[in-house]
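Encoded as structure tokens, the structure appears first; notes follow it.
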Amino acid sequence: MERLVPNDGVLRLSSRSQRIPPGSFDLNTVWKLAVIILFSSMVYKIILSPSKQRHFPTWAALEYTLLTRVFGATDTPDLKTKLDNSWKDLFRPIEQMFLSDGGATAAIAKANVLSSASSFVTFATNTTHMQRWELSAGLRIVTPDSPNQSGVVEASFQSIVRDFGACITIPLLYGNDFLDRSPQLLADFWEFDNYIFPLMMIGIPSWAPFKTIKNGIAARTRVADAIEALYQRIDQYQRGQPINYNADMSDISTAALERSKVYVREDWTFRQRGQGDFAILFGQNANTHPMLFWFLTYVYSTPGLLQQLREETAPYVKVSQSSPPPDSSMDVTALSRNCPLMKSCIFETYRLATDAASIRYVARPITIKDGVYQHELKPGMYISVAHSVNQRDPSIYQNPDKFTPDRFLQVDPKTGKPVARRGALRPWGAGAAMCKGRTFAEKEIIALGTAIFSLWNITPASGTWKLPAMVPGTGVKKPVEDIRVRITRRILP
Ligand code: HEM
């Protein structure tokens, strides 16, 4: 990569196939739409610095473009005004639930993670007895589970892990009734994520006459329909009116209830509420569960690591053969604070699997002086700060393609104990628009990951771990193909 990058640290969008000599230039005259600013660039710091935010507003054009182009809202001056008036207030409850340490810990504590993980696979042969997350995993019973023999089931690992994550976390935001009422929702969500999100991001119109787009847009519509119907019920609930289907509203999160109040205040239609919250459902699920999949894949496939992590986490997760384990037996705060090897493995997973970028819209012209270079950024341009370009740079990370569990471990000079430090990694983006769900996401990976590796043994169905190649995803890379694995209950000490 660095051979393609000129010394000024700025890579033009289409320069992957060209070499551009460094020098002073006017970006706008050459590249009308976008540039990629590299991690190492001075420009990076300037664009993401708080003092320059008026040149690169974090919401404004970009978020409105996402709402209309990607999540399907109709572009009208009226919607633009509503969004301008409400986006800060719509974000606030999300930050309280997903960004604050207290909110994220409380949310995870509500999730019954251990008890759900104890039925990660049920060994059921009939789909009506399976857990929802098992349905997409192409399960095959290798050995039935019985009092005399331990069951073995074969499954597609990415599918089961990401749907497990989604089934645990979506109800935290929207309540259990939401998923129960929308059996198709997970399949539609991943179809949208896999096919439609990237195409809409690069500007393919939703009417383009291709089957993939037609099916993906239909999936997108069904997801937005489900969220719209939810916000109708929330509205009825908040007005004290009879609720459609007499649905249970007792476990809807404060975040969704508070967002509803903002939607009402600014007169968003129910359709617009469905599309506005689709963006949040997407943020909550699109990256965290693929990340959980890579983390668990590295844990199970790296020789000796599973045993080390089970030992490190054992004091904070009490599991026994009693099924299901009580939820109080997992201390997520202690797992986050006292397990440096696991933290280092999570950072190493970020390094290998994230593709984070901070996209900013240039609202006001700005000239950036960067040593001998001078960059003219003009209104209407989009800047994409690609945080991941250095993550596999051999001059920074030795053996950059290898998963090295203790890569981020250091000895704390004060205590003499090992600590994990993320260093220059930026999986959550940077600046004011940095990920609003990062605290929750990391705790989720810790809690769900620990629950699964504490309770289950997982081996490759082929007999040898062969990790699939990675392709760019939304913010986390995707495997080119799923991994078939065999899952058995761990015989607990
Ligand atoms: C491993 C999981 C996740 C990764 C890797 C990730 C990554 C990112 C990145 C790279 C950005 C762009 C930041 C920037 O522009 O500088 C972002 C934005 C955002 N993320 Fe996440 N995210 C994750 C999980 C979550 C979760 C669980 C939520 C919960 C709702 C969430 C909500 C958001 C929101 C609302 C934004 C937009 C922030 C803004 O525009 O101010 N993310 N995320």
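Basis for what follows: all heavy atoms, side chains included, without hydrogens, waters or symmetry-related copies. Remember, it's a predicted structure, so these values are computed and weren't measured experimentally. We count ligands from 1, going down the list as the structure has it; atoms in each ligand are counted the same way.
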Heavy-atom gap [X] to ligand 1 smaller than 4.0 Å:
X    : result
G431 : no
Y350 : no
G475 : no
M97  : no
E444 : no

Measuring from [atom], which candidate in [options] has the nearest non-hydrogen atom?
atom                    : options                : value
atom 30 (C) of ligand 1 : H289, R360, M291, Q284 : Q284
atom 35 (C) of ligand 1 : F282, W294, F91        : F91
atom 17 (C) of ligand 1 : G165, C435, A441       : C435

Just by distance, no angles: are the side chains of [X] and [Y] close enough, under 3.5 Å, to form a donor-acceptor pair?
X    : Y    : value
S395 : D393 : yes
D84  : Y64  : no
D193 : T474 : yes

So, is [X] polar-close to ligand 1, with some N/O to N/O distance under 3.5 Å?
X    : answer
T288 : no
T354 : no
K436 : yes
M434 : no

[X] neighbourhood, listing ligand 1 atoms whose heavy-atom distance to it stays under 4.0 Å:
X    : value
P427 : 5 (C), 7 (C), 10 (C)
A356 : 10 (C)
E63  : 40 (O)
A430 : 16 (O)

Is it the case that the ring center of [Y] lies less than 6.0 angstrom away from the ring center of [X]?
X    : Y    : result
F453 : Y300 : no
Y298 : F293 : no
W428 : Y350 : yes
F270 : Y263 : no

Is NZ or CZ of K436 both nearer than 6.0 Å to the six-membered ring centre of F91 and within 45° of the ring axis?
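Yes, K436 and F91 form such a contact.
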Output the distance between atom CZ (F120) and atom CG (L455), rounded to the nearest 0.5 Å.
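The CG atom of L455 is 10.5 Å from CZ of F120, to the nearest 0.5 Å.
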Q184 CD to D225 CG distance, which is reported to the nearest 0.5 Å
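Atom-to-atom, Q184:CD and D225:CG are 11.5 Å apart.
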Just to be sure I read this right, does ligand 1 sit under 4.0 Å from the backbone of S358, its side chain, both, or neither, counting only heavy atoms?
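For S358, the contact with ligand 1 is made by both the backbone and the side chain.
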Mode of H387 contact toward ligand 1 - side chain, backbone, both, neither (heavy atoms, under 4.0 Å)
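Near ligand 1, H387 shows nothing, with every heavy atom at 4.0 Å or more.
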With a sphere of 6.0 Å drawn around CZ of R337, does it hold more than 12 non-hydrogen atoms of other residues, nucleotides or ligands?
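No, because the 6.0 Å sphere around CZ of R337 holds 12 heavy atoms or fewer from other groups.
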